[in-house]
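Please find one structure pasted underneath; my questions will follow.
Quick note on labels: first sequence line is chain A, next is B, and so on, each numbered from 1. What's counted below: heavy atoms across the whole structure, side chains too, no hydrogens, waters or symmetry copies.
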Amino acid sequence: MRVEIVQAADRASKSQSQGGTAIAVEPGEVLLDAAERAGVPIPFGCRTGACSTCTGKLRSGEIEHVRAPRALKERHLRTGYVLTCIATPTTDCRLEVGPDVQAELLENPWK
Amino acid sequence: MSDTDSSREHSEHRHEHEHDHAHHDHEGPGYVTPQAAIEKSERERIAYVLGLYVGTDVDAPDFLATVDVDPESDAYGEIVDRQKMPTKGDELHHFGWNACSSSCHIGGLERRYLIVPGNRSSRIHVVDTEDRRNPELVNVIEPDAIHDLDLSAPHTVHCPAGGSVMLSMLGDADGELPGGFLELHEDLEGYERWDESGEIDMNYDFWYQPRHDVMVSSEWAAPSTYQPGFDMDDVEAGKYGHQLHFWNWTDRTVEQTVDLGAEGLIPLEVRFLHSPVSTHGFVNAALSSNIFHFWKEDGEWRAEKVIDFEGREHDDWDMPVPALPTDILLSMDDRYLIGANWLHGEVWMYDVSDPANPRRADSISIGGYFGETRAVQDRELVAGPQMVQMSLDGERLYWTTSLYSTWDNQFFPEEADRGTVMLKADVDPRRGTMTLDEDFLVDFGDLPAGPARAHEIRWPDGDCTSDVWE
């Protein structure tokens, strides 16, 4: 599968149409492993689906989680957030990654 | 090692310890008593501080920073060494020694190796500090090995007498509950699970008081709950802790659980008094913004709220801003309880010479949402005081400003781009006063790889949150 990785930090400086870096993902391979192999940085932590550090947002295409995505709530899964450490693409995808994507999951609840 | 062997070894150590104290012998690491730590220790010249890049745009591993805190040195206030971890994504958080004053009677043991766990990665690093200014990574226990024990998310490190090391583990292999404890053997290579799975559900910090054969452990939440960040829905769903567990240290079983209730949400740092005869201690219920005193009376452990920090109104907030006292410590003479209110921006000291009735002695209003001091040496403070550490003589208090990467992003988002600062106050332990030392500033925002967060602080020769006495 071909997955285009867009760094969220580039959102401000680049237009939505501008591309990211395309990487090849082997069948069954998780996105984080494929990105590391290609030298494309994605932050990560536990690599088991618990901590959400590696969260990406799917802009197009489909993925499946190979383990339970415990770090994500239902509302996150519904809105396209994926855990790149345990997600493998089932179609070509476009994926936004970076710490800003993780930070979107939870805001200050009281402010 | 079987439980029986361990108990036997423990009682032998106790015997040896009583013998040695009778002769005022002191062959091992640390100090014979807490007062000896105050009298015999030299001023700290080096601080070890954990630095973090996890979850930021800086594509680099976390590191152990060596900070020069010697005012006589040309490098005073500078980060003089960074021992990088071998892998990215650790979230270094708390760390501890292979040996402390609990082994003061055991010749041949040295306080030399730092055990440095990654809370997100579940990777455990062993760092040799023989060369104090250039610590060296000497062993790594990989996450798979930890997961094989159905454990994850290492947190607190303590060193029972004899050279083994205990770590609290906050989750199972999936980052869910239950957590448990890991024991590293004296060679710092072998390891095993210390407790029976299911003895507790949630875990966080622990402290042990050998003379009473007791260990106390506290509760944060499952890694899959707290690691992504703070969600009020999780509090309402009962996913955050509010209990203390009192363990039989020899039997490795929980003898009593004390529920702190709605005013005791997220009990974090548990601190027994340093005096080995005492059964008194304190815990900070961070979310409820209360401090609880716990003690043993008529054979039962009890806990009672003794300090209540009120929320404060803020124009940008829908509700009063809670103080969030996220760290506490006891001065080595057990006279002062010191802590930091991360959101409010306050470092405080309470006289706890009567532990049931703490008396506010002094405070510094700095950083956070309400602190009066907004900058040190023109460096803007973008977060509140958080992790505290005190000199053994009780005359200097240092702190850093990062809590946990994802929680920082919610409450002090600028910390990711600006990095953490390490600050210091001079303390007068006779007068009960503290004064910000504006000449001291360590800026983790100004590093070659990029701005870093910083968390726990330790000195090479022991500190107020490492040392325990048998």
A:Cys51 SG to B:Arg120 CZ distance, which is reported to the nearest 0.5 Å:
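Spacing of SG (A:Cys51) from CZ (B:Arg120) equals 5.0 Å.
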Would you mind checking which part of B:Asp234 comes under 4.5 Å of any heavy atom in chain A, side chain (CB onward), backbone (N, CA, C, O), both or neither?
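The side chain, not the backbone.
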Here the gap from A:Cys46 atom SG to B:Arg123 atom CZ, rounded to the nearest 0.5 Å, amounts to 11.5 Å
Please flag which part of A:Arg70 lies under 4.5 Å from any non-hydrogen atom of chain B: side chain, backbone, both or neither.
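It is both, since atoms from each part get that close.
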A:Thr48 OG1 to B:Glu176 CD distance, which is reported to the nearest 0.5 Å:
9.5 Å
Which portion of A:Glu107 sits near chain B, non-hydrogen atoms under 4.5 angstrom
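The answer is the backbone of A:Glu107.
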Please report the shortest heavy-atom distance between A:Pro109 and B:Gln410, naming the atom on each side.
CD-NE2, 4.2 Å
Engaged part of B:Asp59 at the chain A interface, taking heavy atoms whose separation is under 4.5 Å:
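Just its side chain gets close to chain A.
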Counting only non-hydrogen atoms closer than 4.5 Å, does B:Thr56 touch chain A with its backbone (N, CA, C, O), its side chain (CB onward), both, or neither?
backbone
Between CH2 on residue B:Trp407 and CG on residue A:Asn108, distance to nearest 0.5 Å:
11.5 Å
Supply the atom-to-atom distance A:Trp110 CH2 to B:Asp316 CG, rounded to the nearest 0.5 angstrom.
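Output value for this atom pair is 15.0 Å.
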B:Asp233 versus chain A, heavy atoms under 4.5 Å apart: side chain, backbone, both or neither?
side chain
Shortest non-hydrogen separation from A:Ser52 to B:Pro228 and the atoms involved
OG-CA, 3.2 Å
May I ask you to name which of B:Val54, B:Thr406, B:Asp174 has the most heavy-atom pairs under 4.5 Å with chain A?
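Between B:Val54, B:Thr406, B:Asp174, the count favours B:Asp174.
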Compare every heavy atom of A:Pro99 with every heavy atom of B:Gly55, then report the nearest pair and how far apart it is.
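Heavy atoms of B:Gly55 and A:Pro99 come nearest at O-CB, 3.2 Å.
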For the atom pair OH (B:Tyr369) and NZ (A:Lys111), what is the distance rounded to the nearest 0.5 Å?
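Rounded to the nearest 0.5 Å, the OH-NZ separation comes to 4.0 Å.
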Can you tell which part of B:Ala173 gets under 4.5 Å to a heavy atom of chain A, answering side chain, backbone, both or neither?
backbone
